[in-house]
Colleague: 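One structure follows; several queries about it will come next.
When a residue number appears, it is its place in the shown sequence, counting from 1. Predicted model, so just to flag it, every value in this text is computed and none were measured.
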Amino acid sequence: YNTFVSLLSTRTVRCFPLSVASKPPEILRSTIQRRLHSVPSTMAEFSSGSRQIRSAQFHTCYWEDDDSNLIREDLKKRNYRPAQNLILNEKVKELVANSKPVYHLAFGQSPFPVVEAAQQALKEHVHEKAYEPVAGILSLREAICNYHRDLDGLQFCPDNVLVGPGTKELIFLLLTIFNGDVFLIAPTWTTYRPQCLITHHDPVVISTSFETDWKITPDVLDEVLSRPAHHKRNKLLILCNPDNPSGTAYTADDFEGLRPVFHRHKLLVLSDEIYGQLHFTGSHQCLAKIYPEGTILSSGISKWAGAGGWRLGYHIYPRQLRVLQTAVKGAGSHSYSCASAPIQYAAVACFSNSKEIRDYLLHTRRIMAALANYCYRELTSVGVRAVKPAGGYYMMPDFEVVRKALADRGITTGQGMCDLLFEETSVALMPAGPEFLRPEEELTVRLCYVNFDGSKALEGSRELGLSQELSDQFLEEYCPLTTGGIQALKKWVSSLV
C-alpha cells in the first residue's frame, strides 16, 4: 500500500508516494523525515525569517476509492443506487443557477407556499426543544384523527397514529420490521424498491397497463398472490393513490372490486395517500374506509400543505396490527427518536380543517387540475398517449408515436429519448423506465407540471375568484415554464411524426 505525505502551503500541494509494504515503523519514520528535509524552501511556511514546516499526521489508508467490497453484494447485484429524481433535480438547479434555460418537468415538489396558519404556528413554537414522544405529540395525533373524521368519515384513535420525520422514514422502518413478501405495482414511486432492497426484501413487481389506467385489477392481483411461492407467507402491498408517476386515482368501485382479493389472501396494504388531498375534485377515496382491518394509511404535509422540507409524515395502523405498530415505533426510538418538535406543533394547524385550509386546497387543486388538463390536451393532440391525471403533480405520457423517428437516429430507450429531448428542447423529463419499474425500452416518462411560482399563481387565483374558470391565458401568465415546456414538447413531437 502507499502512504501519502502531503505538505500544504498557501500556493502548493505536493504528494510523495512511499512504498512501505515491508518497512517497519522506525524506517518509515526516518524515510518521511528525510523527505521532509529535502523539500525545497519554496514549499515551506516562513515566519519571522525562519523556515518552519507544519507538523503532519500520517494515517494508513485501508480503503481504496473503488473498494466496492464495502457495499453489500446483494445491493450491487440488484442495481441499487441513489434516488435519480433528486440527482436530476440537483443537476437542473445547477444549470438554472448558471442562467441556462431549462423547462424543468422532472421533479415533483409543491410549488405553493406552506399554509399560512402553519407558518405562524411555527414562529410561535420555535422555542420547543424537548424530545417529544416517539409516536408524536398528542395534540397532533388528535388533530390528524379529527381531520380524517371530517374528510373521510373515519374514526381513528390517536393511539394508532405514528408520526415521523416524513413518510419515507416510516415506510422504511415498516419494511425493516415486516416479515413477509412485499408487492409493488409497476409503475410506482422510485423509492419503494430501493427501500425494499436495503431492508432485505426482494419485491414482487405487478405490472399494469395503459388500458387499465395504470391500476391493478382483481384478476391480475389474485393470480400473483396465488402463486405457490407466496403461500403461508405474510403479504404486504404498497399502493400509491393518487399515483406517482401516472396521476391515476382509484375509485370506490375499484377498491370494492379489489377488496375480496385483499380478504382472500389476508393482504396488508400500505396505502400511500400523500397526494390524497390533491385529488382534483376533492373526492379522494381512502382505502381504510373500504378495507379498514388491513390498511396502514400513510400521509403527511409534504404535498398538499406545501411543506416538503419540513419533513413530517404519519402512519395510521388498524388496531388489529398493534403488534406491528409497536415494533415499528420501537424502531423509531432507535433511529429518529421523534419528529422535530417545532414542526409537530406547527403541523397541528394544517389539520384544523379551518376555512383558511379549505380555501387553500380549493385554489391549489384547481390550479393543478387546470395544468393537468392543459398538459393532457396539448400532448394528446399530437398523438402522445396518456391517462388523464385525476390528482397530484404527475402524468405519464407515452411517446410511442415517435419511436420510428427515434430508431432512425439510433435511439431505442426512454433514457435516450429524454437525453435527446433535453439537448434539442431544454425540456427535462425522467424516463419511466426501470426507475419506476417499467421496461427500459418503453417511451413513457414522468412529467411533473409544478414548475411555476405557486405564491403568485395562488394569489392570481384568489383575485379571480372560484366562480371563474382558469383559462389558458392564466396558465401562460402564471405558469410560463410549465406551459412553455409543454409547447416545446408538442413542437418536437410534431417535427418527428
Colleague: Can you confirm whether Tyr291 sits close enough to Ser271 that some side-chain heavy atom of one is under 4.5 Å from a side-chain heavy atom of the other?
Modeller: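 A side-chain contact is absent here, since even the closest heavy-atom pair is not under 4.5 Å.
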Colleague: Could you label the plane-to-plane angle of the Tyr250 and Phe255 rings as parallel, tilted or perpendicular, counting under 30° as parallel and over 60° as perpendicular?
Modeller: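 The rings of Tyr250 and Phe255 lie parallel, inter-plane angle below 30°.
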Colleague: Yes or no on side-chain contact (heavy atoms from CB on, under 4.5 Å) for Ile486 and Leu105, after CA distance, side-chain angles and deciding distance?
Modeller: CA-CA 9 Å; Ile486 295 299; Leu105 307 181; 4.3 Å; yes
Colleague: Heavy atoms only: give me the nearest Ile290-Ala252 pair and the separation to one decimal.
Modeller: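 Looking at all heavy atoms of both residues, the closest pair is CD1-O, 3.9 Å.
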Colleague: For the residue pair Ser302 and Arg311, establish whether any side-chain heavy-atom pair is separated by less than 4.5 Å.
Modeller: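 Side-chain contact under 4.5 Å: yes.
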Colleague: Look at the side chain of Lys303 and the backbone N and O of Gly108, then say whether any donor-acceptor pair between them is shorter than 3.5 Å.
Modeller: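 Such a contact is found between Lys303 side chain and Gly108 backbone.
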Colleague: How many angstroms lie between atom CD1 of Ile171 and atom CD1 of Ile296, to the nearest 0.5 angstrom?
Modeller: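 Here the interatomic distance stands at 10.0 Å.
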Colleague: Indicate yes or no: at least one non-hydrogen side-chain atom of Glu169 is less than 4.5 angstrom from one of Ser335.
Modeller: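 When only atoms from C-beta onward are counted, Ser335 and Glu169 do touch, with a gap below 4.5 Å.
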Colleague: Rounded at 0.5 Å granularity, tell me how far CG in Leu268 sits from CG in Asp181.
Modeller: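 Between Leu268 CG and Asp181 CG, I get 11.5 Å after rounding to 0.5 Å.
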Colleague: What pairs meet the ring pair (Phe, Tyr, Trp, His ring centres under 6.0 Å) rule with one or both residues in residues 326-346, with sequence neighbours excluded?
Modeller: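 Listed by first then second residue: His125-Tyr345.
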Colleague: Phe452 pairs by ring pair (Phe, Tyr, Trp, His ring centres under 6.0 Å) with which of Tyr478, Tyr374, Tyr393, Phe112?
Modeller: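 The residue from Tyr478, Tyr374, Tyr393, Phe112 that satisfies ring pair (Phe, Tyr, Trp, His ring centres under 6.0 Å) with Phe452 turns out to be Phe112.
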Colleague: Using 0.5 Å steps for rounding, measure from the OG1 atom of Thr248 to the CG atom of Asn241.
Modeller: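 Here the rounded value is 8.0 Å.
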Colleague: Is any side-chain N of the basic residue among Lys215 and Asp243 closer than 4.0 Å to the acidic one's carboxylate O?
Modeller: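 No, Lys215 and Asp243 are not salt-bridged.
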Colleague: Fit a plane to each ring of Phe351 and Trp304, take the angle between them on a 0 to 90° scale, and name the class: parallel (under 30°), tilted (30 to 60°) or perpendicular (over 60°).
Modeller: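 Because their plane-to-plane angle is over 60°, the rings of Phe351 and Trp304 count as perpendicular.
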Colleague: Could you check whether any side-chain N or O of Gln325 sits under 3.5 Å from a backbone N or O of Asp159, counting only pairs where one atom can act as donor and the other as acceptor?
Modeller: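 Here the side-chain-to-backbone pair exists.
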Colleague: For Leu297, is there any backbone N or O sitting under 3.5 Å from a side-chain donor or acceptor partner on Glu273?
Modeller: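 Absent.
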Colleague: With a 3.5 Å cut-off and no angle check, do the side chains of Thr413 and Gln415 form a donor-acceptor pair?
Modeller: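 On atom types as modelled, these side chains do not qualify, holding no pair under 3.5 Å.
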Colleague: Passes side-chain contact (heavy atoms from CB on, under 4.5 Å), Arg141 versus Phe156? Steps please.
Modeller: CA-CA 10 Å; Arg141 289 183 283 125; Phe156 289 127; over 6 Å; no
Colleague: Between Thr281 and Ser283, do the side chains contain a donor N or O and an acceptor N or O under 3.5 Å apart?
Modeller: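 Yes, side-chain donor-acceptor contact under 3.5 Å.
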Colleague: With a 6.0 Å cut-off (strictly less than), is the heavy-atom count around CZ of Arg149, excluding the residue itself, greater than 12?
Modeller: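 It does: Arg149 CZ has more than 12 such atoms within range.
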Colleague: Is the side chain of Asp254 donor-acceptor paired with the backbone N or O of Thr251 at a distance under 3.5 Å, no angle test?
Modeller: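 Yes: the side chain of Asp254 pairs with the backbone of Thr251.
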Colleague: Any side-chain heavy atom of Leu464 sitting closer than 4.5 Å to one from Ser461?
Modeller: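 SC-SC contact between Leu464 and Ser461 ruled out.
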Colleague: Between Phe107 and His104, how do the two ring planes meet: parallel, tilted or perpendicular, split at 30° and 60°?
Modeller: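 Geometry flag for His104 against Phe107: parallel rings.
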Colleague: Can you tell me how far apart OH (Tyr147) and CD1 (Ile357) are? Round to the nearest 0.5 Å.
Modeller: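 One gets 7.0 Å once the value is rounded to the nearest 0.5 Å.
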Colleague: Step by step, work out the ring-ring contact (aromatic ring centres under 6.0 Å, His included) result for His265 and Phe183.
Modeller: CA-CA 13 Å; His265 294 279; Phe183 300 82; 9.1 Å; no
Colleague: Take the angle between the ring planes of His279 and His284 and call it parallel below 30°, perpendicular above 60°, tilted in between.
Modeller: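 His279 vs His284 ring planes: tilted.
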Colleague: Can you name the residues that form a side-chain hydrogen bond (donor to acceptor under 3.5 Å, both in side chains) with Tyr275, not counting sequence neighbours?
Modeller: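 Counting only residues at least two positions away or on another chain, Tyr275 forms a side-chain hydrogen bond (donor to acceptor under 3.5 Å, both in side chains) with Tyr394.
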Colleague: Enter the distance from Thr364:OG1 to Gln277:CD here, rounded to the nearest 0.5 Å.
Modeller: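 Separation between the atoms: 10.0 Å.
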Colleague: Measuring from Leu154:CG to Cys286:SG, what's the distance to the nearest 0.5 Å?
Modeller: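 Here the interatomic distance stands at 5.0 Å.
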Colleague: Is a side-chain donor or acceptor of Lys329 paired with a backbone partner of Leu162 at a separation under 3.5 angstrom?
Modeller: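 Answer holds: no.
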Colleague: Given 3.5 Å as the limit, does a donor-acceptor pair link the side chain of Asn234 with the main chain of Leu236, or not?
Modeller: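 No.
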Colleague: Is any NZ, NE, NH1 or NH2 atom of the basic residue among Arg462 and Glu459 found under 4.0 Å from an Asp or Glu carboxylate oxygen of the other?
Modeller: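 Result for this pair is no, no salt bridge flagged.
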Colleague: Keeping Gln344 on the side-chain end and Ile137 on the backbone end, is there a donor-acceptor pair under 3.5 Å?
Modeller: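 Here the side-chain-to-backbone pair exists.
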Colleague: Can we say Glu256 and Arg259 salt-bridge, meaning some charged N sits less than 4.0 Å from an Asp/Glu carboxylate O?
Modeller: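 Yes.
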Colleague: What I want to check is whether the side chains of Gln195 and His201 have a donor and an acceptor closer together than 3.5 Å.
Modeller: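 No - no donor-acceptor pair under 3.5 Å links their side chains.
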Colleague: Sub-3.5 Å donor-acceptor pair from the side chain of Thr167 to the main-chain atoms of Gly313, do we have one?
Modeller: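 Answer holds: no.
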Colleague: Any Lys/Arg nitrogen of Glu211 or Arg385 sitting under 4.0 Å from an Asp/Glu carboxylate oxygen of the other?
Modeller: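 Yes.
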Colleague: For residues Thr444 and Glu442, is any side-chain donor paired with an opposing acceptor at under 3.5 Å?
Modeller: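 The answer is yes; a qualifying pair exists.
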Colleague: Around atom CD of Gln109, are there more than 12 heavy atoms of other residues, nucleotides or ligands at under 6.0 Å?
Modeller: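 Open: at most 12 neighbouring heavy atoms sit under 6.0 Å from CD of Gln109.
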Colleague: Among residues at least two apart in sequence or on other chains, which ones pass salt bridge (Lys or Arg N to Asp or Glu O under 4.0 Å) with Lys168?
Modeller: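 Applying salt bridge (Lys or Arg N to Asp or Glu O under 4.0 Å) to Lys168 gives none.
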Colleague: Taking Ser352 for its side chain and Ala349 for its backbone only, find out whether a donor-acceptor pair lies under 3.5 Å.
Modeller: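 Looks like yes, one N/O pair under 3.5 Å.
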Colleague: Are Tyr317 and Arg322 side-chain neighbours, meaning at least one heavy-atom pair lies under 4.5 Å?
Modeller: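 Heavy-atom side-chain distance check fails, nothing below 4.5 Å.
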Colleague: For atom CD of Glu440, is the number of surrounding heavy atoms from other residues, nucleotides or ligands below 6.0 Å larger than 12?
Modeller: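 Count not over threshold, so no.
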Colleague: Counting only N and O atoms by type, is there a donor-acceptor contact under 3.5 Å from the side chain of Thr208 to the main-chain atoms of Ala186?
Modeller: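 At least one qualifying donor-acceptor pair exists.
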